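Report on the structure given below.
Whatever order the structure lists ligands and atoms in, that order sets their numbers, starting from 1. This structure is a prediction, so every number in the text was calculated from the model and none was measured.
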Amino acid sequence: LRGAAGPGPGVLLSTPIFYANAPPHIGHLYSALLADALHRHRRLRGAAPGRLSTGTDEHGLKIQQAAVAAGVSPPQLCAQVSGLFRQALTQAAVSFTDFIRTSEPRHQRAVQHFWAALQDRGALYKGSYEGWYCTPEECFLPESQLADRRDTQGRMCKVSLETGHQVHWTKEENYMFRLSEFQEPLQKWLRDNPRVISPVPFYQQVLHWLEEDLPDLSVSRERSRLQWGIPVPSDPTQTIYVWVDALVNYLSVVGYPETHSEWWPAAHHVVGKDILKFHAVYWPALLMAAGLAPPERICVHSHWTVHGQKMSKSLGNVIDPVSCFGKYTVDGFRYFLLRQGVPERDCDYYDEKVVKLVNSELADALGGLLNRSTALSINPSNTYPCFSESCFPKISDYDGTQALSRASSEDYELVASVASLPLQVASHFEGFQIYKALECIALCVRETNGFFQRHKPWKLDRKDPAEKLWLDTIIHITLECLRVYGTLLQPVIPNIADKLLSRLSVEPEERSLLNLTFLPRYNGKPCPFEGRQLGPDTGILFHRLEKSRQSQM
Ligand code: ME8
């Protein structure tokens with residue numbers, strides 16, 4: 001892992017590529033926002049320019065069947081749904097640099113080349129495969145992952161334990177990948193790179209899987225059963241398994257087989273826990289077999305449920321992100337998902353939770369603080385006021401004799417918390433704990449409100465020279481806190497952060513996370529903001545949401 005505080009080389013951050021069989025929902029958006037926040041954070045920290053890839057997974061039986069059900073051809077369905085994903089991610093301000101569709105010729109070429117590399121290196125063989133096949137999961141399942149149920153007509157059938165989908169006994173000639181030979185190399189890779197999968201419970205889960213038998217993997221399907229996919233290069237009777245096809249997208253975006261080595265293996269994949277095995281077992285094994293290194297990092301997150309239930313079309317409880325942007329604004333909804341989503345645990349969604357959180361933390365705490373500290377009634381000159389050392393002496397210099405000092409121990413605690421915040425936030429981002437970074441910032445915002453409230457600057461008399469010094473110092477400290485919060489929040493709420501920093505007259509080149517200093521005057525250094533005219537007042541930072549509110553934008 002690259003150092004928490006300093007810049008580093010550019011990396012390829014990726015979201016999963018989303019199935020083009022149904023429109024986006026908030027789970028997809030959550031994956032993309034996590035990757036986007038990491039990408040933006042790296043950029044603001046001064047890392048070499050990186051890439052953020054996303055896209056749509058367009059092949060396979062699932063898509064073929066969805067197209068039949070919709071009465072359109074697979075390419076028509078994919079073009080339409082892929083467009084919806086691109087639109088939703090663009091609207092969500094996901095700053096992707098690459099959007100890949102697996103139906104594109106560049107991807108087909110990469111997959112066929114990858115297949116040939118596997119074949120040339122002896123990693124594939126043809127075998128007859130028989131077993132229980134789960135179409136929605138696109139894989140064969142062992143007996144241990146099956147349960148007996150009755151179908152809608154009351155007949156006994158077998159279903160996948162994990163998803164409840166019915167499975168069918170299937171026999172076919174397939175190409176097999178020698179996955180079993182990679183058990184030890186995979187274990188060694190994980191042991192040598194203990195931070196490659198985060199959070200830790202998922203790393204342990206993968207190690208656990210690798211202690212069990214690792215059977216060879218079927219990596220093609222008979223063309224007669226699956227036409228919508230990429231043909232095996234040397235055998236047109238077979239279609240490449242959709243997961244091999246899909247995983248290679250991470251190489252196609254970096255120009256495999258020509259230019260990928262400029263990026264590979266500096267890849268950081270953000271994935272949901274449902275696709276962990278594909279990314280942490282199959283993908284590294286396939287890469288090793290093709291003569292490439294495994295990805296540098298896999299960041300795993302859990303799922304969103306809705307009112308305690310799994311989101312599903314049949315339950316009719318799928319939450320559409322675009323309607324949420326209308327209800328809560330793009331930044332409000334980004335903040336909610338990233339602040340409430342905990343990678344280790346499933347999170348439950350309901351509308352009231354969004355309203356409560358964004359009202360309290362964005363409208364009241366952050367917006368209220370900006371509003372109060374920039375009010376013309378206490379800051380009539382609309383400038384970044386001066387800090388006075390005599391009012392707020394360095395804690396190490398303070399001996400109780402400084403007559404002007406009114407700073408309390410709580411004030412010193414606040415200053416210490418905010419000074420350490422940038423490093424804390426960086427290390428939470430680095431550890432894929434974005435929600436913790438936001439929790440720390442929210443706590444500091446609350447403490448800054450306490451600071452402001454405690455000293456009641458509106459009661460101070462600006463005409464009294466001693467009181468004016470103290471009044472200016474209070475406002476200076478508050479604006480410095482807000483500047484740090486605005487800077488740190490850029491990867492999560494880019495529009496609000498921009499509004500906040502513009503109001504504080506922080507120039508674009510002063511918004512980097514690299515060398516973000518807080519309260520330089522407290523440390524005896526010049527403050528470039530002191531005396532600066534504040535930016536124009538462009539209104540309330542974030543409007544409070546009404547419970548039943550339909551649209552704010
Ligand atoms: O699995 N909560 O695509 P997909 C949180 N095409 N995240 C969720 C979620 C939920 N309820 N539901 C989905 C695929 N996701 C494959 C991926 S990658 C080479 C191929 C997120 O559209 C989660 O990250 O079913 C999941 O892995 C991803 O969306 C893609 O889901």
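The closest approach between a heavy atom of K273 and any atom of ligand 1 is not below 4.0 Å. For K310, the heavy-atom gap to ligand 1 stays at 4.0 angstrom or more. The closest approach between W243 and ligand 1 falls below 4.0 Å for a heavy atom of the residue. Remark: distances from the non-hydrogen atoms of G341 to ligand 1 are all 4.0 Å or more. Under a 4.0 angstrom heavy-atom cut-off, F278 registers as lying outside contact with ligand 1.
The proximity of N249 to ligand 1, defined as any non-hydrogen pair under 4.0 Å, is limited to the side chain. Contacts with ligand 1 closer than 4.0 Å are made by no heavy atom of V270, backbone or side chain.
P16 CG, 3.8 Å is the protein heavy atom nearest to atom 28 (C) of ligand 1. Residue, atom and distance of the protein heavy atom nearest to atom 17 (C) of ligand 1 are I17 O, 3.2 Å. The protein heavy-atom contact nearest to atom 29 (O) of ligand 1 is H28 CD2, 3.3 Å. Nearest protein heavy-atom neighbour of atom 30 (C) of ligand 1: F18 CD2, 3.8 Å. Shortest contact from atom 2 (N) of ligand 1 to any protein heavy atom: W304 N, 2.9 Å. Summary of contacts: the protein heavy atom closest to atom 21 (C) of ligand 1 is S31 OG, 3.5 Å. When only non-hydrogen protein atoms are considered, atom 1 (O) of ligand 1 lies nearest to I275 CG2, 3.5 Å. Nearest protein heavy-atom neighbour of atom 13 (C) of ligand 1: H25 CE1, 3.7 Å.
Polar contact check, Y19 against ligand 1: a nitrogen or oxygen pair lies under 3.5 Å apart. Checking only distances, Y30 never comes within under 3.5 Å of ligand 1, N or O to N or O. Looking at ligand 1, you'll find an N or O of H301 within less than 3.5 Å of one of its N or O atoms. The distance criterion of under 3.5 Å between nitrogen or oxygen atoms is met by G27 with respect to ligand 1. Polar contact check, D274 against ligand 1: a nitrogen or oxygen pair lies under 3.5 Å apart. Close N/O approach between H303 and ligand 1 is not found [any backbone or side-chain N/O within under 3.5 Å].
Within a 6.0 Å sphere centred on NZ of K353, heavy atoms belonging to other residues, nucleotides or ligands number more than 12. Few gaps surround CD on Q227; more than 12 heavy atoms of other groups in view lie less than 6.0 Å from it.
You'll find the side chain of V248 reaches within 4.5 Å of the side chain of W283, heavy atoms only.
Heavy-atom contacts of M311 reach the following atoms of ligand 1: 11 (N) (cutoff under 4.0 Å). Near D57, the atoms of ligand 1 lying under 4.0 angstrom from a non-hydrogen atom of the residue are 6 (N), 16 (C), 20 (C). Under a 4.0 Å criterion applied to the non-hydrogen atoms of A246, ligand 1 contributes the atoms 19 (C).
The residue from Y282, F182, F114 that alone fulfils the ring pair (Phe, Tyr, Trp, His ring centres under 6.0 Å) condition with F177 is F182.
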Starting from the C-alpha separation in whole Å, work towards a yes-or-no answer on ring pair (Phe, Tyr, Trp, His ring centres under 6.0 Å) for W264 and Y256. CA-CA 9 Å; W264 203 264; Y256 179 81; 9.0 Å; no

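Here the side chain of D148 pairs no donor or acceptor atom with the backbone of K158 at under 3.5 angstrom.
A cation-pi arrangement is absent between R45 and F429, since the terminal nitrogen or guanidinium carbon is not both under 6.0 Å from the aromatic centre and inside a 45° cone about the axis.
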